[in-house]
Amino acid sequence: MSVRNLRQKKIEIRSRHKKLREGFPVEKKAEFDDAIAERFLSLPEYKNCKTLLAFISKDIEVETKKIVAKAFEDGKRVAVVRG
């Protein structure tokens, strides 16, 4: 597959998945977001880190506010990507 075809395929996949996420029921998304956060916060990599690099999520992305809040609560330094 050429680089051009690969790029186009990537754009198509992102577009398709964005539409899927936009149509996801709010309650189900919140349920999945909580499960993802819980799993992330239980990882040894998280528990052992001193600094967490994060992003502030948009509506269709996995919610990161709980993770960032917990990191502050745990005394970690938090660096947030500026968009």
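Side chains included, hydrogens not; waters and symmetry mates left out as well; all remaining heavy atoms used.
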Item to complete: Please check if atom CG in N5 has more than 12 non-hydrogen atoms from other residues, nucleotides or ligands closer than 6.0 Å.
Response: yes

Practice prompt. Evaluate the side-chain proximity of K10 to R14: yes if any heavy-atom separation is below 4.5 Å, no if none is.
Written response: yes

Practice prompt. Test side chain to side chain contact (heavy atoms under 4.5 Å, CB included) on V78 and T51 and set out the steps.
Written response: CA-CA 6 Å; V78 178; T51 302; over 6 Å; no

Discussion item. Would I36 and R39 count as a side chain to side chain contact (heavy atoms under 4.5 Å, CB included) here? Give the steps.
Written reply: CA-CA 5 Å; I36 291 167; R39 185 162 182 191; 5.9 Å; no

Worksheet item: Same cluster or not: are L41 and L43 linked, directly or through other Ile, Leu, Val, Met, Phe, Trp or Tyr residues, by side-chain heavy atoms under 4.5 angstrom apart?
Response: yes

Fill in: Note: K19-E22 ion pair, threshold 4.0 Å (strictly below)
no

Practice prompt. Only counting residues at least two apart or in another chain, list the ones meeting ring pair (Phe, Tyr, Trp, His ring centres under 6.0 Å) with F72.
Written response: none

Worksheet item: Near K76 NZ, under 6.0 Å, is it more than 12 heavy atoms from other residues, nucleotides or ligands?
Response: yes

Discussion item. Can you give me the closest heavy-atom contact between I56 and T64, atom names plus distance?
Written reply: CA-OG1, 3.7 Å

Fill in: CZ on F40 to NZ on K47, rounded to 0.5 Å
12.0 Å

Fill in: Steps toward side chain to side chain contact (heavy atoms under 4.5 Å, CB included) verdict (Q8, R4)
CA-CA 6 Å; Q8 184 60 37; R4 174 177 267 166; 5.7 Å; no

Response to the item:
With K70 as partner, the option from I67, V68, D74 fulfilling side chain to side chain contact (heavy atoms under 4.5 Å, CB included) is D74

Fill in: Results of salt bridge (charged side-chain N to carboxylate O under 4.0 Å, His left out) for E61 - residues two or more places apart only
none

Worksheet, complete the sentence: By ring pair (Phe, Tyr, Trp, His ring centres under 6.0 Å), F55 pairs with (sequence neighbours left out) none

Worksheet item: Considering residues, nucleotides and ligands other than R7, do more than 12 of their heavy atoms fall under 6.0 Å from its CZ?
Response: no

Item to complete: State the CZ-NZ distance between R21 and K58, to the nearest 0.5 angstrom.
Response: 10.5 Å

Response to the item:
Smallest heavy-atom separation, E63 atom then S57 atom, equals CA-OG, 3.4 Å

Item to complete: Locate the shortest heavy-atom distance separating A71 from L52; write the atom from each residue and the value.
Response: CB-CD2, 3.8 Å

